[in-house]
Amino acid sequence: MTRDQIEEVVNAEYPDILIKEKKEEKHRLPDLPNVKGGVVMRMAPSPSGPLHIGHSRMAILNDEYVKRYGGKLILRIEDTNPANIDPDAYRLIPEDLKWLGVNVEETVIQSSRMEFYYSEAKRMISEGYMYAIEENQQEFHDLKLKKVPVKERDADPSYSLEKFDRMISGYYSDGQAALVMKTEIDHPNPSVRDWIAFRINTHEHPRTGNRYVVYPTMNFSVSVDDHYLGLTHVIRGIDHLVNTEKQKYVFKYNKWEIPEYFHYGFITIPDTILKTTVIKEGIRSGKYSGWDDIRLGTLMALKKRGYNPETFRNYWISSGMNKNNATFSWDIFNSMDREIIDNDTERYSFVPEPVIQHIKNPVELKSHAMLHPQNPERGFREYTLKPDASIYFPARDMLEIAEGETIRLKDLCVARKENGRIVYSDYDPSERVKIIQWAPENSSEISIFHPDGSVDNGMLEPLAVGKNSVVQLERYGYVNLNGNKGYFLHR
RNA sequence: GCUCCGAUGGUGUAGUCAGGCCAAGCAUUCCGGCCUUUCGAGCCGAUGACUCGGGUUCAAAUCCCGGUCGGAGCACCA
């Protein structure tokens, strides 16, 4: 018997067993291993600017697990490179996280912990795990490539201790000295070999000014912080894969328990401006109005356009934590957003590129449109048009309607194109005809700004004027209204 | 070049660790239809995928070996 034949028999004789229950498709993150009680997790952005959509993945993933298992989520601002800090970021990052619904229980700023890093370093120097160098950078780098240790590697800890004190005192200028973490000089990956743990940076720090000139590199500060803050699980991008390997040396030397690490793949976010340097330059030159310019991919901009923060959560949960590189899908993201907002979004009429039309109605007309088609109880939008009224009609649709074609003015009446004009008709079409939105004569001008930089000017129906919320402009898309402006969300 | 990581329809993801219920699920996009006043929502339908080659096995998306392709790292950035 072939499969088809079998199926036929089963269908006829035992129809019940063929009914497969539909698999409940639920986006769920995989369970974490080694959870004892709760989890302690962190997100660690550098304060170079506010968060963008890419950062939201790290925030959501960590937050989700803390919500699942209990425990706490730490925000650690990694500002150990004074040259790459935007002072506003200290304020903006927590605001972004709050908007996302990410529950930060504790905030740690690394530049406040410099003395702690110094004392940890001194301890590890005296234990023989770190050493100070004075070589120039190129030479140190070249020797490592050749798997040749520098002479200071085996110097007595007291020598390195003294050098480190001298570094802290401000004796050296940028690049003249460093403190190195001893790993394996013949490690197959050259970057893992004896990595730099502290370097000189005389750039003024927005928070601590010129108080410090010796800063830990992230691999050092992250290691000791992850331990002392009690991290149990760490989730971050695959760009940190090698860093994780480097950081494990610190854990091993100190006999600290190593957290569970997870790395998620790279996401390419198409058609989106995310680079802090590009944005900053654009703001400076006046090209962008600010961090929340809707042409940008910052969370502030996405908020301004009217996205629901839950959408970010749903999207990143469905993306999971795997290591493959992927392309961000605005289609899927927007679809998820629609799913959330559609039910609460009122419908209104907007006419882009409006052309005024005398529709020559012989009798008074009353429009009767619902605020929401699935929820009639929310009420109606009604307008009364006197005989021989004028309305606004979209120029673009005008072009697509053939001479003599019958259409319907949405929730108003039937009309027909005659001599290139839209006029009232009392014909009742039984077939489907085009349904076009319109706006009454007393509508208001509005400009709708799109993320691609384009602007649609048109007329907004009177009942929508003054709304400050996301609405659906019928046949146009979801728009966040704001005074006589609107920000386009998505279709 | 070296080190590491990855590969399921156009896109995203489930399944891979513990091979059989996978003749591969879900979402999205595109296309067609219905709902006879949205291009939104909803409903129905259609197209579309296990990177390639070997091997193990009664049985491979799943395990092993090799190739190909893609990515990341190779910083005194994070």
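Just so you know, these numbers use all the heavy atoms, side chains as well, and skip hydrogens, waters and symmetry mates. Letters go in sequence order (proteins before strands), and every chain restarts at 1.
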Using salt bridge (charged side-chain N to carboxylate O under 4.0 Å, His left out) as the criterion, list what pairs up with [X], not counting sequence neighbours.
X	answer
A:D397	A:R475
A:D342	A:R347
A:E405	A:K434
A:E310	A:R313

Assess A:R153 against A:Y131: is NZ or CZ under 6.0 Å from the centre of the six-membered ring, and within 45 degrees of the ring's axis?
no
Check RNA chain B against residues 342-355 of chain A and give the residues with a non-hydrogen atom under 4.0 Å, in numerical order.
A:D342, A:R347
Between [N] ([atom2]) and [X] ([atom1]): distance, integer Å:
X	N	atom1	atom2	value
A:N314	B:G12	CG	C1'	14 Å
A:Y315	B:C26	OH	P	19 Å
A:Y261	B:C5	OH	P	17 Å

Looking at [options], which one has an atom nearest to any side-chain atom of [X]?
X	options	value
A:K410	B:U8, B:G40, B:U38	B:U38
A:R408	B:U37, B:U13, B:U29	B:U37
A:I332	B:A27, B:A41, B:U37	B:A27

Between B:C4 and B:G53, how far apart are the P atoms? Round to whole Å, please.
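Approximately 27 Å lies between the P atom of B:G53 and that of B:C4.
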B:C30 pairs with which nucleotide, Watson-Crick or G-U wobble, both distances below 3.5 Å?
none
Under 3.5 Å on both distances, the Watson-Crick or G-U partner of B:C74:
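Paired with B:C74, as far as the under-3.5 Å criterion goes, is B:G1.
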Results of side chain to side chain donor-acceptor pair (under 3.5 Å) for [X] - residues two or more places apart only:
X	value
A:W291	none
A:S443	none
A:H233	none
A:D452	A:S454

Set of residues satisfying ring-ring contact (aromatic ring centres under 6.0 Å, His included) with respect to A:H240, sequence neighbours excluded:
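Testing A:H240 for ring-ring contact (aromatic ring centres under 6.0 Å, His included), a comparison that skips the adjacent residues, returns none.
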B:A14, OP1 or OP2 - any side-chain N/O from A:N322 closer than 4.0 Å?
yes
Write down the protein N/O and nucleotide N/O pairs, taken from nucleotides 44-51 of chain B, whose separation is under 3.5 Å; answer none if there are no such pairs.
none

Select base, sugar-phosphate, or nothing to describe what A:R338 touches, counting heavy atoms under 4.0 Å on all strands.
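Touches sugar-phosphate only.
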Is there a donor and acceptor pair, one atom on the side chain of A:E431 and one on the base of B:U36, closer than 3.5 Å?
no
With nearest nucleotide decided by heavy atoms, which residue, A:I435 or A:K323, maps closer to the 5′ end of RNA chain B?
A:K323
Report, as a single string ordered 5' to 3', how protein heavy atoms within less than 4.0 Å touch nucleotides 71-78 of chain B: B base, S sugar-phosphate only, - not at all.
SSSSSBSB
Looking only at the aromatic ring of each residue, does the gap between the centers of A:F198 and A:Y117 stay below 6.0 angstrom?
no
Ignoring hydrogens and geometry, is there a side-chain-to-backbone donor-acceptor pair from A:R378 to A:P373 under 3.5 Å?
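Checking the backbone N and O of A:P373 against the side chain of A:R378, no donor-acceptor pair under 3.5 Å is found.
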